[in-house]
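Report on the structure given below.
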Amino acid sequence: MRKLTLFLFLFVCALNVSAQKSKPVSQAEMEKIYQEVKTPYKYGLVLVPNDEQHKMDCPTIFRKGRFWYMTYLIYSGRGYETWLAKSKDLLNWENLGKQMSFGDAGNWDDNQKAGYNALTDTKWNGNYKLSKFDGKYWMSYFGGKEKGYETEPLSIGMAYVKSNPWAAQEWTRLEKPVLTSADADVRWWENRNKLFKSSIIQDKQQLTGHQFVMYYNAVGDSLVNNKKTRWYERIGMAVSDDMVNWKRFQKNPVVHHPVGITGDGVIQQINNTWVMFYFGAFWEDRKGAFNRFAASNDLVNWTDWNGENLIQSSEKYDELYAHKSFVLKHKGIVYHFYCAVNKKDQRGIAVATSKDLGRSKVNFVNQ
């Protein structure tokens, strides 16, 4: 009888924990998060291409010692490559070189290698260091064999180095992609040959039942005779216990909207709440591209912010699009890095802050 009573007690406790995890984040908590992360002061551009033919995109920030590092993408007419930059103060950046370059060996990713550092410390106002797993530093990326701007098919791959991820060196890539739109378990929202940005965190509490969680956005729609929705992007999840073998988690995306793009989720943990910074574009109720956030208690069920955009177009250098977040807090100041696009379609990396730090002198070429 005692064993049965203990079993029932533990079972009820487990149900209560599960229910607690799945509770939506309250609107009061969402407002607190907004007040914590908002960055009303645009410092301006911090990195730009050297010419008008190349485009810079998708910053990912991490820290080593007294230096900050940024991986980012450079698009040429051929495709994406992954680059690295370095800074002492998060405002002044120096290019160091490439980490994933084009290839000509007939591989699945010869002409597209768009990389994002994995296992960055997610603690808000934390150390933002990269963690190792299995003796390696990891990077996920979307790759493809075709030349051009995001030419399909695009799949998600994994790359690694055993030391010095803060150096300009070529990363070793797994031979095959880990997620593709041709997989047997592909979901309806990702079945149109384009898997995009991925962000990988460690689930230390194993809220998902696995050690690692990947958030990624993709194009897809299996609805019959509904071609107009097939370019929409949505954010979903995959999980892994070894960084190599990944499986989809749930059938539906976790953050999405009826129309347009929901993509490029990046995770921070503010107190006990998980926050996903992401960008939206071409929605029903607002124009252009902009940065927003959602929040979760369990990494699976996300509450969307329904207030003002965190970042939107307002300056000449970002008047076409202001999107694709990486947000961090350091020494009491919030830095919101984003991709800024002007009306000439020049793309660079800009930052907005929670405190007025002045104005950048960096400009696009010929501006």
Side-chain angles (χ1 to χ4, degrees), residues 25 27-47 57-64 66-72 85-93 116-117 120-130 197 199 201 215 255 263-280 289-296 302-315 317-318 321-340 348-360 362:
V25 179
Q27 286 304 308
E29 182 63 24
M30 296 294 285
E31 179 64 31
K32 286 182 182 178
I33 293 170
Y34 173 72
Q35 294 300 327
E36 172 66 17
V37 304
K38 66 180 182 180
T39 51
Y41 304 101
K42 285 190 175 180
Y43 178 78
L45 293 164
V46 294
L47 270 177
D57 213 339
C58 292
T60 304
I61 315 295
F62 67 92
R63 190 180 183 189
K64 168 62 177 175
R66 61 192 182 95
F67 290 105
W68 295 89
Y69 295 86
M70 179 195 300
T71 56
Y72 61 94
K86 178 180 179 180
S87 176
K88 289 183 179 179
D89 61 4
L90 291 166
L91 298 178
N92 298 283
W93 292 85
Y116 315 95
N117 296 99
T120 307
D121 179 54
T122 55
K123 182 180 178 182
W124 184 246
N125 203 27
N127 59 38
Y128 297 98
K129 293 180 180 178
L130 298 181
K197 177 172 179 174
S199 295
I201 65 169
Y215 296 94
V255 184
D264 289 29
V266 177
I267 308 297
Q268 288 274 276
Q269 188 175 21
I270 300 178
N271 298 320
N272 294 318
T273 305
W274 296 95
V275 178
M276 179 191 293
F277 297 99
Y278 70 88
F279 89 93
F290 36 81
N291 287 341
R292 300 182 61 77
F293 74 93
S296 174
W302 293 85
T303 301
D304 209 20
W305 169 242
N306 58 17
E308 296 296 317
N309 295 330
L310 295 178
I311 294 288
Q312 60 189 16
S313 297
S314 64
E315 307 291 335
Y317 57 80
D318 68 8
Y321 304 129
H323 62 337
K324 302 180 180 179
S325 299
F326 195 97
V327 189
L328 62 88
K329 187 175 185 179
H330 178 60
K331 292 185 176 179
I333 300 174
V334 180
Y335 296 80
H336 189 139
F337 292 88
Y338 67 99
C339 176
I349 307 301
V351 66
T353 59
S354 59
K355 179 182 178 181
D356 191 348
L357 300 180
R359 297 294 179 270
S360 171
V362 177

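As the structure is a computational prediction, the values presented were derived from the model and not from experiment.
- With contacts defined as side-chain heavy-atom distances shorter than 4.5 Å, the pair V351/L357 does not qualify.
- Without hydrogens or angle criteria, S313 side chain to D318 main chain gives a donor-acceptor distance under 3.5 Å.
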Could you go step by step and tell me if V25 and T273 meet the side-chain contact (heavy atoms from CB on, under 4.5 Å) rule? CA-CA 8 Å; V25 179; T273 305; 4.2 Å; yes
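- Here the straight-line distance linking atom CD1 of I267 with atom OG1 of T120 works out to 11.5 Å at 0.5 Å rounding.
- More than 12 heavy atoms of other residues, nucleotides or ligands shown are found within 6.0 angstrom of NZ on K329.
- Looking at W274 and T122, their side chains come closer than 4.5 Å, going by heavy atoms from C-beta outward.
- Between K42 and Y317, the closest side-chain pair of non-hydrogen atoms falls below 4.5 Å.
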Can you list the steps and then say if W124 with E36 is a side-chain contact (heavy atoms from CB on, under 4.5 Å)? CA-CA 10 Å; W124 184 246; E36 172 66 17; 2.7 Å; yes
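- F293 and Y34 have parallel rings, their planes meeting at less than 30° on a 0 to 90° scale where 60° marks the start of perpendicular.
- The two residues W302 and V275 come nearest to each other via the heavy atoms CZ3-C, 4.0 Å.
- Side-chain contact between N291 and V327 is absent, with no heavy atoms from C-beta onward closer than 4.5 Å.
- Within 6.0 Å of CG in N272 there are 12 or fewer heavy atoms belonging to other residues, nucleotides or ligands.
- A search for side chain to side chain donor-acceptor pair (under 3.5 Å) contacts involving N309 returns R286, R292, Q312, not counting sequence neighbours.
- The two residues R359 and D356 come nearest to each other via the heavy atoms NH1-OD1, 3.2 Å.
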Derivation of the side-chain contact (heavy atoms from CB on, under 4.5 Å) call for K197 and V266: CA-CA 10 Å; K197 177 172 179 174; V266 177; 3.5 Å; yes
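- In summary, the side chains of Q35 and E31 do present a donor paired with an acceptor at a separation below 3.5 Å, with no hydrogens or angles considered.
- Rounding to the nearest 0.5 angstrom, the gap separating the CZ atom in F337 from the CE atom in M70 is 5.0 Å.
- For G332 against S354, the heavy-atom pair with the smallest separation is O-OG, 4.2 Å.
- Without hydrogens or angle criteria, S360 side chain to G44 main chain gives no donor-acceptor distance under 3.5 Å.
- When only modelled atom types and interatomic distance are considered, N117 and Y69 share no side-chain donor-acceptor pair under 3.5 Å.
- Nearest heavy-atom pair across T39 and L310 is OG1-O, 4.3 Å.
- Q27 places a side-chain heavy atom less than 4.5 Å from the side chain of T303.
- Annotation for D89: atom CG counts as buried by contact number, over 12 foreign heavy atoms lying within 6.0 Å.
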Where do D304 and Y278 land on the side-chain contact (heavy atoms from CB on, under 4.5 Å) test, with the steps shown first? CA-CA 11 Å; D304 209 20; Y278 70 88; 2.7 Å; yes
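- Residues forming a salt bridge (Lys or Arg N to Asp or Glu O under 4.0 Å) with D57 (at least two apart in sequence, or on another chain): K324, R347.
- I311 places none of its side-chain heavy atoms less than 4.5 Å from the side chain of F277.
- Counting heavy atoms from C-beta on, the side chains of I333 and L90 never come closer than 4.5 Å.
- Heavy-atom minimum distance, P59 versus I349: CD-CD1, 3.7 Å.
- Side-chain contact check for Y321 versus C339: every heavy-atom pair is 4.5 Å or farther apart.
- Of the options W68, Y128, Y335, a ring pair (Phe, Tyr, Trp, His ring centres under 6.0 Å) to H330 is made by W68 and by none of the others.
- Y338 and D264 form no side-chain donor-acceptor contact under 3.5 Å, judged by distance and modelled atom types alone.
- Closest approach of V37 to V334, counting heavy atoms only: O-CG1, 3.6 Å.
- With sequence neighbours excluded, no residue satisfies salt bridge (Lys or Arg N to Asp or Glu O under 4.0 Å) with K38.
- When atom types are taken as modelled, the side chain of S199 and the backbone of Y215 share no donor-acceptor pair closer than 3.5 angstrom.
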